[in-house]
Amino acid sequence: MAQIRKKSRRVDPELLDLRQRIRHSASHLMADAVTRLFPEAKLGIGPPTDEGFYYDLDVSRPFTPEDLEKVTQIMRDTIAKDLPFVLKEHEREDIKQLCHDQPYKLELIDEIPEDEPLTTYTHDAFTDLCQGPHVASTGKIPAFKLLSVAGAYWRGSEDRPMLQRIYGTAFESQAALDEYLHQIEEAEKRDHRRLGRELGLFLFDPIAPASPFFLPKGAILYHLLMEYVRGLYRRYGYQEVITPQIFSTDLWKRSGHYDNYLESMFFIHADDREFGVKPMNCPAHALMYSSQLHSYRDLPLRIADFGRLHRYERSGVTHGLTRVRSFSQDDAHIFCTPDQISEEVQGFIAMLQESYSTFGFDEPLVMLSLRPDKRIGSDEIWDRAETALKDVLDRSGLDYEVKPGEGAFYGPKIDFFVPDAIGREWQLGTIQLDFSLPERFDLEYIAEDGSQQRPVVLHRAMLGTIERFIGVLIEHYGGAFPLWLAPVQAVVIPIADRHLGYAEEVKEKLVQQGFRVEVDARNERMNLKIREAQLQKVPYMLVVGDREAEGGTASVRSRDAGDMGALPVTEVIRVFGEESKVRGR
RNA sequence: GCCAACGUAGCUCAGUGGCAGAGCAGCGGUUUCGUAAACCGCAGGUCGUGGGUUCAAAUCCCACCGUUGGCUCCA
């Protein structure tokens, strides 16, 4: 099953370069066309992207679908004329003159360093400040399509004006464009929101915005993931705890959340006191840690918590299961000495790699974020922490990107991203060093020499938010979960009413072995039951009729491989047992 | 939060000022069937919520709620 990724990391570089030129050129044609329809339009930027191109324009009114059709027509005409793209280098003053009525362009020009050449590309009567490259002429744009309109802040900043952005895409051939559009359509069928409804996994209701209700089948999946993580915790030396849901505001003031996180928290008032619903577990764990005296011999202490968290995410950013307001994480905090950082990070990455490969997320995008300008903690401890993170990553064999200045003020971090069906990358795992929390909660341990020392805290989540992980996982598998994760592993299908008793027997034998099996006892024909089990993506269908009842067998039909013939029920149990051991198929 | 679109039966959607519709799902019956949709019938709605315009509103206007796409790709 082909997985669609936005970052098509395997496309040949020449083709990528060609696409960039085509898309960049198409974006010029689009701006040209818009300018003809809206002569007063002010141009923002119009770059190619991984999937297409866009142009940001400041126009008097939002674009309508009819506008897009007209723009498309003008672009077609320009392509038909096959006009050359002409590159020209300019003096700074000349180009400012040229762009005198284009405030956004002037802003861009002022930011270009003095020693860089200022160039424009011209086709027909349209000239745009641009460093290229482009295709040779407008006729060399073989296939394009305008896709959507959206508002976009100038330079991505909410303080700047909002421009109208038109998205489009362009390819080296009509066939490639059609293939892309087809892929998008296919990806929509894997959308976890759609599959969640169709497969009866979860639902949303406006009564609790952005907060999923997990139906029985979804809850099975949820708990299977938790059990899987618990299994890893046992092997990797974690202890699980359960902590309260709401805490007096005093705790949030102490942790710093009240100052920095206020708008993202829910509050409750009772007995004239204010309580905050926890948006994260760390303060509770810090409290637990400080409730006892700790020896260096106790460390590292790894405290895991699946506690439910609530965050008031802004209305525009919530999205299906991948960005919700009520969720839990496979969250844990590691309290350790500075000397133990490296080993702890290494242990975490080993566990993360093991789990990701189980689910087939073999190439997560990894980002290492280093010290920002505004930070706490000595340079020495930052040096030590950053070096530890880098060393571990280098040894892990994972590719990673370094993001200088992107770390949190309280410590550096590594984030792990995995794409959804349409290639949007979602952050799942994370490991963050924290030099702040131990200060705020005055955490200590007694060192070998009897002195009081401050531990380091590592915040870490592997699957991350379970809700989000399920969303990404549904899209990853297209809803067809491997046997060990399938909410219903097999449906027993009696051919006629008289086979119901035997069907129940078969089911019971499998259920006794711990498998999740149902009987489809409805008064419907076998064909319909097979069709529906197939659409529900149930891994196995066990058809039973006279022949099976007589021989103590079941005719096995696999979701993926079709009819596998009759097997004794004991053999079915063996096959299922083998297959459920193979996680991450 | 901001820009835009959308909200009609459980689901997918039609209905643009004059009696609220279809397919699927559901329910009842007939049928007892061998690997992706049997047949007949029945029921199902505060047209997201509130207000306004009008003789008349699902339809037009306003507000609110919710959902979707975008607001990170830098001349």
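Throughout, protein chains are lettered first and strands after them, A, B, ... in sequence-line order, and every chain is numbered starting at 1. Since the structure is predicted, the reported quantities are computational estimates derived from the model, not experimental observations. Values below: every heavy atom of this structure, side chains too, minus hydrogens, waters and symmetry copies.
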TODO: Using only side-chain N and O atoms of A:Tyr167, determine if any of them is under 4.0 Å from OP1 or OP2 of B:C71.
DONE: yes
Open item on the list: Can you list everything that forms a ring-ring contact (aromatic ring centres under 6.0 Å, His included) with A:Tyr54? Sequence neighbours excluded, please.
Closed with: A:Tyr167
- [ ] Ignoring backbone atoms, establish whether A:Arg424 has a side-chain N or O less than 4.0 Å from OP1 or OP2 of B:G70.
- [x] yes
Open item on the list: On the side chain of A:Arg557, is there an atom forming a donor-acceptor pair with the base of B:A36 - under 3.5 Å, no angle test?
Closed with: yes
Open item on the list: Under 4.0 Å, heavy atoms only, any strand: does A:Leu535 hit a base, just the sugar-phosphate, or nothing?
Closed with: base
- [ ] Look at all strands and tell whether A:Ser148 reaches a base, only sugar-phosphate, or nothing, counting heavy atoms closer than 4.0 Å.
- [x] nothing
Task: N/O (side chain, A:Arg197) to phosphate O (OP1/OP2, B:U12) under 4.0 Å - done: yes
Task: Under-3.5 Å donor-acceptor pair between A:Glu313 side chain and B:G1 base - done: no
Open item on the list: Taking the six-membered ring for Trp, are A:Trp426 and A:Phe417 closer than 6.0 Å centroid to centroid?
Closed with: no
- [ ] Would you mind reading off the distance between A:Tyr540 atom OH and B:A36 atom P, rounded to a whole angstrom?
- [x] 17 Å
TODO: Please confirm whether any donor atom in the side chain of A:Tyr153 sits under 3.5 Å from an acceptor in the base of B:G1, or the reverse.
DONE: yes
TODO: For B:C33, take OP1 and OP2 only and decide whether either is under 4.0 Å from a side-chain N or O of A:Arg498.
DONE: yes
TODO: Indicate, with a heavy-atom threshold strictly under 4.0 Å, whether A:Glu532 touches base, sugar-phosphate, or nothing.
DONE: nothing
Open item on the list: Does this structure show an ion pair linking A:Asp178 with A:Lys145, if we count only N-O contacts that are shorter than 4.0 Å?
Closed with: no
Between protein and nucleic acid, restricted to nucleotides 64-67 of chain B and to nitrogen or oxygen atoms under 3.5 Å apart, what atom pairs and distances do you find?
from	atom 1	to	atom 2	distance (Å)
B:U67	OP1	A:Ala210	N	3.3

Open item on the list: Under 4.0 Å, counting only non-hydrogen atoms across every strand here, what does A:His319 touch: a base, just sugar-phosphate, or nothing?
Closed with: sugar-phosphate
- [ ] Mark yes or no for a side-chain to base donor-acceptor pair under 3.5 Å between A:Asp497 and B:U32, with no hydrogen or angle criteria applied.
- [x] yes
Open item on the list: Taking ring-ring contact (aromatic ring centres under 6.0 Å, His included) as the definition, give me every residue that meets it alongside A:Tyr502, ordered by chain and number, with sequence neighbours left out.
Closed with: none
